[in-house]
J.: 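Once you've had a glance at the structure underneath, I'll fire off some questions.
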Amino acid sequence: MSVNDGYWWYITINAEAGQEDNLFSLADISESIGTELQELPDGGCRLRMYYRSGEELSYWKNKLLAAMREFPGVTIEDWGRIENQPWHVAAQDAFPPLPVGRGLVVLAPWHKGTEPEGKTALYINPGSAFGTGYHESTQIALELLEKYIKEGDVAADIGTGSGILAIGALKLGASMVYARDIDPAVIEEVRKNFELNGLDAEKSELATGDLLKDFGRSADILTANILLDPLTTMVAEVPAVIGRDGTAIFSGMLETEKPVFLKALADAKMEAADELVKGDWWGVAAKVKA
């Protein structure tokens, strides 16, 4: 099914008061391109999420239901089709400039020219792929990346999504970045975001790949902002990529999943060097044990 700009799918989810962050997390994980939050008279909250028409509605529902397993208390209220909405206007309101860490700011392309003085701008086209910068897990990865990357480092971004971490690595001084994702469609979106940021194509290698399978590269710093299962699957292969002196940054996990991943790190002969929590989300910078 091809994309039809004349209509969009929507799915509405709700939860008790205080779960707004969980609803927005689900929107980001399921690749919603826009949201509307409503506070209910009984104190609960409702989030309507919009999705591209390039996939059947069942595709988006299944993606959402899979993510909802990690968020008890959230239910689907309704779903359907919306005709001819002025999404460019809604999107401009939904993606304001977002400061991250000490010196980064995430900006949608229509905010070019409004960069705060002294900040490194990361331009991302919202809705193109997972990792717009507005999700806590992406912010965790960016903050740890900003802290640990060194001028001239070679970087690897596994499960690159929108490419925001790869872009961040280059803008923070990396000499080269290897970005890969299992979804071939993602690579073209990453390429567009690289162009949006005016990055030198010679300093990047964008490729389709299943985690670190057949990666065959070395890196000083590796980032992976995905989910617990793929992270635990790949962690044993990370030491061969980063060596004794490198750093790996893992994000995309709930704080409740921390013990599971710390055990996987230990099994891979790695240890946590730094941790960061935002909302319900947790990330870690790790090194190979001496």
Side-chain angles (χ1 to χ4, degrees), residues 20-21 23-25 27-29 31-37 86-153 155 157 160-177 179 189-201 203-204 220-221 223-225 247 249 251-252 274-285:
E20 291 86 353
D21 286 348
L23 298 188
F24 282 118
S25 293
D28 200 35
I29 293 169
E31 300 179 27
S32 165
I33 59 163
T35 59
E36 292 177 275
L37 181 67
W87 298 115
H88 62 288
V89 176
Q92 290 186 28
D93 294 336
F95 295 98
L98 177 73
V100 178
R102 298 187 305 272
L104 303 174
V105 60
V106 179
L107 294 162
W110 50 82
H111 290 302
K112 266 196 171 185
T114 66
E115 302 81 358
E117 188 175 350
K119 296 283 188 180
T120 299
L122 310 179
Y123 302 106
I124 298 295
N125 191 19
S128 60
F130 182 80
T132 61
Y134 290 82
H135 191 275
E136 290 96 333
S137 69
T138 310
Q139 294 167 34
I140 287 170
L142 282 171
E143 287 195 32
L144 291 171
L145 176 65
E146 183 184 30
K147 184 173 180 179
Y148 284 93
I149 196 167
K150 303 183 298 296
E151 188 76 27
D153 274 355
D157 186 28
T160 194
S162 67
I164 189 170
L165 298 180
I167 290 165
L170 287 173
K171 290 205 166 185
L172 288 167
S175 60
M176 178 70 184
V177 65
E189 295 297 332
V190 176
R191 189 169 285 111
K192 291 177 183 177
N193 281 328
F194 269 52
E195 291 173 359
L196 188 61
N197 283 270
L199 295 173
D200 184 353
K203 291 185 175 182
S204 65
D220 303 296
I221 191 160
T223 54
N225 178 31
T247 303
I249 295 166
S251 190
D274 206 348
E275 301 177 37
L276 198 56
V277 174
K278 285 185 177 292
D280 294 328
W281 297 85
W282 173 78
V284 59

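Quick note: numbers below take in every heavy atom, side chains included, and nothing from hydrogens, waters or symmetry partners.
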J.: Run the salt bridge (Lys or Arg N to Asp or Glu O under 4.0 Å) test against Glu195 and tell me which residues pass, sequence neighbours left out.
T.: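 Testing Glu195 for salt bridge (Lys or Arg N to Asp or Glu O under 4.0 Å), a comparison that skips the adjacent residues, returns none.
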
J.: Which heavy atom of Leu144 sits nearest a heavy atom of Gly283, and at what distance?
T.: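 Minimum heavy-atom contact is CD1-C, 4.1 Å.
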
J.: Which atom names give the shortest non-hydrogen contact between Gly34 and Ser32, and what distance separates them?
T.: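 Here Gly34 and Ser32 meet closest at O-OG, 2.8 Å.
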
J.: Hey, what do you get for CG (Leu98) to NE2 (His111), rounding to the nearest 0.5 Å?
T.: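 Taking CG in Leu98 and NE2 in His111, the distance rounds to 10.5 Å.
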
J.: Measure across Asp157 and Ala166 and return the closest heavy-atom pair with its distance rounded to 0.1 Å.
T.: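 For Asp157 and Ala166, the tightest heavy-atom pair comes out as OD2-N, 3.5 Å.
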
J.: Taking all non-hydrogen atoms of both residues, which atom of Ala121 and which atom of Leu107 are closest, and how far apart?
T.: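 Looking at all heavy atoms of both residues, the closest pair is CB-CD1, 3.8 Å.
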
J.: Counting C-beta onward and ignoring hydrogens, is there a side-chain heavy-atom pair between Leu165 and Leu142 closer than 4.5 Å?
T.: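 Of all side-chain heavy-atom pairs linking Leu142 with Leu165, at least one is under 4.5 Å.
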
J.: Looking only at non-hydrogen atoms, find the nearest pair between Ala174 and Ile149 and report the distance.
T.: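 Scanning both residues completely, I find the closest heavy atoms to be CB-CD1, 4.0 Å.
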
J.: Suppose we screen for side-chain contact (heavy atoms from CB on, under 4.5 Å). Which residues come up paired with Lys150, at least two apart in sequence or across chains?
T.: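 Lys150 satisfies side-chain contact (heavy atoms from CB on, under 4.5 Å) with Asp153 only.
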
J.: Once side-chain contact (heavy atoms from CB on, under 4.5 Å) is applied, do any residues pair with Asn197, and if so which ones, sequence neighbours excluded?
T.: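 Residues passing side-chain contact (heavy atoms from CB on, under 4.5 Å) with Asn197: Tyr123, Ile167, Lys171, Leu199.
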
J.: Give me the one residue out of Thr138, Leu276, Asp274 that meets side-chain contact (heavy atoms from CB on, under 4.5 Å) with Glu143.
T.: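 Single side-chain contact (heavy atoms from CB on, under 4.5 Å) partner of Glu143 among Thr138, Leu276, Asp274: Leu276.
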
J.: Considering non-hydrogen atoms only, spot the tightest contact between Val100 and Glu146 and give its length.
T.: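 So the two residues come closest at O-OE1, 4.3 Å.
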
J.: So, taking the atom named CD1 in Ile221 and the one named OH in Tyr148, what distance separates them when rounded to the nearest 0.5 Å?
T.: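 Going from the CD1 atom of Ile221 to the OH atom of Tyr148 covers 9.5 Å.
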
J.: Atom CD of Glu136 and atom OG of Ser251: how far apart are they, to the nearest 0.5 Å?
T.: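 Those atoms lie 10.0 Å apart.
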
J.: What residues, two or more places apart in sequence or in another chain, satisfy side-chain contact (heavy atoms from CB on, under 4.5 Å) together with Pro99?
T.: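 In terms of side-chain contact (heavy atoms from CB on, under 4.5 Å), with neighbours along the sequence ignored, Pro99 is linked to no residue.
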
J.: Quick one: side-chain contact (heavy atoms from CB on, under 4.5 Å) partners of Glu20, sequence neighbours excluded?
T.: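 Once residues adjacent in sequence are excluded, the partners of Glu20 under the side-chain contact (heavy atoms from CB on, under 4.5 Å) criterion are Leu37, Cys45.
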
J.: Strictly by salt bridge (Lys or Arg N to Asp or Glu O under 4.0 Å), give each pair with a member in residues 103-121 just once, sequence neighbours left out.
T.: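 Applying salt bridge (Lys or Arg N to Asp or Glu O under 4.0 Å) to every pair that reaches into residues 103-121, excluding sequence neighbours, yields nothing.
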
J.: So if I apply the side-chain contact (heavy atoms from CB on, under 4.5 Å) rule between Leu145 and each of Leu104, Ile164, Ile249, which one comes out positive?
T.: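 Going through Leu104, Ile164, Ile249 one by one, the side-chain contact (heavy atoms from CB on, under 4.5 Å) with Leu145 is satisfied by Ile249 alone.
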
J.: Got a second to check how far Trp282's CH2 is from Ser137's OG, nearest 0.5 Å?
T.: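 Interatomic distance, Trp282 CH2 to Ser137 OG, rounded to 0.5 Å: 13.0 Å.
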
J.: In this structure, which one of Leu122, Val190, Asn193 forms a side-chain contact (heavy atoms from CB on, under 4.5 Å) with Ser162?
T.: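 In the set Leu122, Val190, Asn193, the residue that makes a side-chain contact (heavy atoms from CB on, under 4.5 Å) with Ser162 is Asn193.
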
J.: Checking His135 against Trp281 for the side-chain contact (heavy atoms from CB on, under 4.5 Å) test, could you report, in this order, the C-alpha distance in whole Å, the side-chain angles of both residues, the deciding distance, and whether it holds?
T.: CA-CA 9 Å; His135 191 275; Trp281 297 85; 3.3 Å; yes

